[in-house]
Number of protein chains: 2
Amino acid sequence: MTVSRTMSGGRNVRPEVQVRVRAAADQLGYRPNQSARNTRLRRPTGLIGVAVTNLGNPYYGQFALGIEDVAAQNGRHILIGNTREDPSRERELLDDFAGRQVEGLIIVPAGNGLSVLGEGQVTSSMPLVLATRAVQGVRSDTVLVDDVGGAVAGTTALIDDGHSRVAFLGDISGIPTARRRFEGFNSALDARGLGFDESLLYSVRDADSALQAVAGSLGGHNPPTAFFSTNNRTTVGALRAVWNHRRNHPGLEVPAIASFDDVELADLLDVPLTVMSHDPRALGAQAARMLFERLAGDAPSEPRTISMPVTVQRY
Amino acid sequence: MTVSRTMSGGRNVRPEVQVRVRAAADQLGYRPNQSARNTRLRRPTGLIGVAVTNLGNPYYGQFALGIEDVAAQNGRHILIGNTREDPSRERELLDDFAGRQVEGLIIVPAGNGLSVLGEGQVTSSMPLVLATRAVQGVRSDTVLVDDVGGAVAGTTALIDDGHSRVAFLGDISGIPTARRRFEGFNSALDARGLGFDESLLYSVRDADSALQAVAGSLGGHNPPTAFFSTNNRTTVGALRAVWNHRRNHPGLEVPAIASFDDVELADLLDVPLTVMSHDPRALGAQAARMLFERLAGDAPSEPRTISMPVTVQRY
DNA sequence: AGGGCACACGATCACGTTACCAAGCGGGGC
DNA sequence: GCCCCGCTTGGTAACGTGATCGTGTGCCCT
């Protein structure tokens with residue numbers, strides 16, 4: 001008990017004894033065992049479980065950074081996992097997180113609406129914040145991006161530039177975010193009395209496939225004059241394809257791109273670019289703040305949904 | 001005990017009983033408590049502690065992804081922390097990791113050579129792999145990047161292009177990696193009988209300060225004709241500055257950049273660019289493999305150091 | 001019938017920690 | 001001198017789990 005007291009502040013332990021205890025601890029390499037501590041105390045573990053769909057995407061790096069910042073301020077650590085958009089991997093992670101007694105979860109649900117969160121097993125047992133995507137049937141705090149509004153604004157900007165034939169790059173069957181952006185895209189076309197040519201819908205998910213799709217599209221007959229790209233990965237591919245096209249066909253009008261998500265250096269490329277951007281780090285921080293508010297009991301019992309603003313910039 | 005047996009495979013439990021146990025578990029939302037399990041078993045926790053210096057840098061996102069991949073293959077999870085190059089934050093993280101009984105550590109030591117790893121407290125108690133930077137006095141598995149060789153090759157390429165006045169962008173006092181790259185840079189100059197003008201050493205650490213430095217340098221008298229940039233952050237700043245410079249001074253020779261680390265889309269910018277690149281994801285995966293080899297007892301007792309190759313590309 | 005054996009299941013304890021309680025000691029007020 | 005109080009210190013139990021062992025049951029072989 002004297003050791004325990006010493007290690008946790010030393011209240012009611014003679015200073016001289018504390019010195020001896022600490023010296024012995026140093027010499028033996030003793031460190032309090034958090035696992036044991038947690039079993040005894042049923043005290044929070046100080047861990048937050050975070051699951052993202054693609055850790056390698058700089059977007060989620062910034063997102064994780066935002067969470068880490070806020071977590072550190074609150075004396076918590078983050079346990080991070082990568083779902084690769086795979087629901088079964090998501091389930092593994094959630095089970096593991098639950099077993100490790102994390103205090104709360106911040107999850108970017110895996111694609112397809114097949115997220116296992118819908119089953120509500122984990123959900124009910126601990127605070128959860130969903131990020132960037134909602135899941136049907138799950139009532140929890142959620143931080144979304146204004147996908148529809150952003151897509152409307154970006155698409156409208158394209159139309160105002162005279163584009164009436166716009167292709168869409170994104171996996172609307174697999175990724176809910178892409179679906180909502182498609183919604184905004186479509187309603188902006190509608191609002192201006194333009195239809196969408198279904199043959200210009202390219203279901204791509206990464207930079208390479210987007211590059212192929214755009215190159216093919218520009219090489220076909222009656223090519224679009226602009227591309228709507230749903231995320232930073234597809235934008236990189238589209239930019240490369242358009243850049244190649246410009247090089248190979250000097251003098252021709254350069255196709256425009258509207259990109260959801262910013263891409264570093266894209267503003268220097270001299271490709272007509274409309275960026276619908278938001279700050280993933282702020283999004284992560286917001287999600288973390290909501291989680292900690294709930295943990296502290298400062299949140300209303302009703303789940304809250306916050307939508308992060310999307311700004312449109314032209315390059 | 002019947003519950004315990006059921007939850008861990010169900011050996012020697014009647015199927016009918018197993019069904020009842022699982023039903024009850026589902027209904028109660030019961031999940032085995034990992035903390036308790038760990039105390040009882042002194043069994044590994046399945047956790048790997050990872051500390052990086054800047055989670056927001058896409059470089060470390062890829063690095064973490066490489067670790068996560070290998071960790072998942074080995075049934076482990078990663079606990080990730082951001083040191084922000086701050087040794088005291090590094091200490092906090094390491095103490096916390098140790099207390100949580102992580103099985104091993106993969107650490108990018110915080111800058112300044114002040115990494116607390118030098119004190120050897122944590123080091124001795126569990127397997128450790130250092131990544132990208134070594135720490136004086138610490139004998140452990142290490143995965144480095146061929147900083148010196150890469151810098152020599154990149155610098156030599158610049159010289160072969162006719163550049164003799166090259167500025168250096170990087171924080172050589174704060175970041176060991178920058179120091180080694182500076183070493184290679186210098187020895188390449190030496191080898192060709194060129195000296196380095198100390199006034200062209202810019203101690204910058206992020207994109208903004210690099211942009212300022214390059215802009216100032218190009219605006220001064222007797223400006224350099226090329227810049228050696230130590231990492232992807234400083235390269236982004238340098239590219240922007242050079243790009244602005246080209247726009248404002250059309251017709252003038254465009255300054256060249258040699259960049260350690262690749263930057264997405266930089267190849268499209270029409271700025272003479274030499275990239276000394278390596279794959280951070282492979283680096284992370286390598287570090288993780290070394291750690292798991294050691295955990296499995298398959299590693300020689302002598303610490304190993306692996307150097308990841310650096311390739312030079314021209315754009 | 002008796003012995004042996006495989007299987008099913010629960011009682012007990014230990015893992016490292018801390019809450020709680022009890023005991024010892026010294027000082028101050030009466 | 002006595003009592004009470006506060007500080008210090010250690011004994012004990014309990015957190016949720018699983019290893020070990022003992023007990024009970026049913027089956028097969030002789």
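First the proteins, then the strands, lettered A, B, ... as listed; each starts at 1.
With sequence neighbours excluded, the residues satisfying side-chain hydrogen bond (donor to acceptor under 3.5 Å, both in side chains) with A/Arg180 are A/Asp147. Under the rule for a side chain to side chain contact (heavy atoms under 4.5 Å, CB included), the partners of A/Arg289 that lie at least two apart in sequence or sit in another chain are A/Val70, A/Ala285, A/Gln286. In this structure, the side-chain hydrogen bond (donor to acceptor under 3.5 Å, both in side chains) partners of A/Arg294, at least two apart in sequence or on a different chain, are A/Asp141. For B/Tyr59, the ring pair (Phe, Tyr, Trp, His ring centres under 6.0 Å) test picks out B/His278, with sequence neighbours left out.
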*For each nucleotide in nucleotides 17-23 of chain C, reading 5' to 3', give B when a protein heavy atom comes within less than 4.0 Å of its base, S when such contact involves only the sugar-phosphate, and - otherwise.*
BBBB---

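Below the 3.5 angstrom threshold, one finds a donor paired with an acceptor across the side chain of B/Thr39 and the base of D/dG16.
Looking only at distances, no side-chain donor or acceptor of A/Arg133 sits under 3.5 Å from a matching main-chain atom of A/Pro176. Without hydrogens or angle criteria, B/Asn82 side chain to B/Leu55 main chain gives a donor-acceptor distance under 3.5 Å. Under the 3.5 Å distance criterion, the side-chain polar atoms of B/Thr83 are left unmatched by any main-chain donor or acceptor of B/Gly81.
Regarding B/Asn38, its CG atom lies at a distance of 12 Å from the P atom of C/dG16, rounded to whole Å. For A/Gln18 and D/dT9, the CD to C1' distance is 13 Å, given to the nearest whole Å. Residue B/Asn12 contributes atom CG, which lies 13 Å from atom P of C/dG10 at whole-angstrom precision.
Atoms CG and CG, from B/Leu128 and B/Leu94 in turn, are 8.5 Å apart once rounded to the nearest 0.5 Å.
Across its full length, the helix from C/dA1-D/dT30 to C/dC30-D/dG1 shows an angle of 50° between the axes of its 5 terminal pairs at either end, rounded to 10 degrees.
Regarding contacts with the backbone of D/dG10, a side-chain N or O of A/Thr2 is found under 4.0 angstrom from either OP1 or OP2. Taking 4.0 angstrom as the limit, B/Arg14 places a side-chain polar atom (N or O) nearer than this to OP1 or OP2 of C/dC9.
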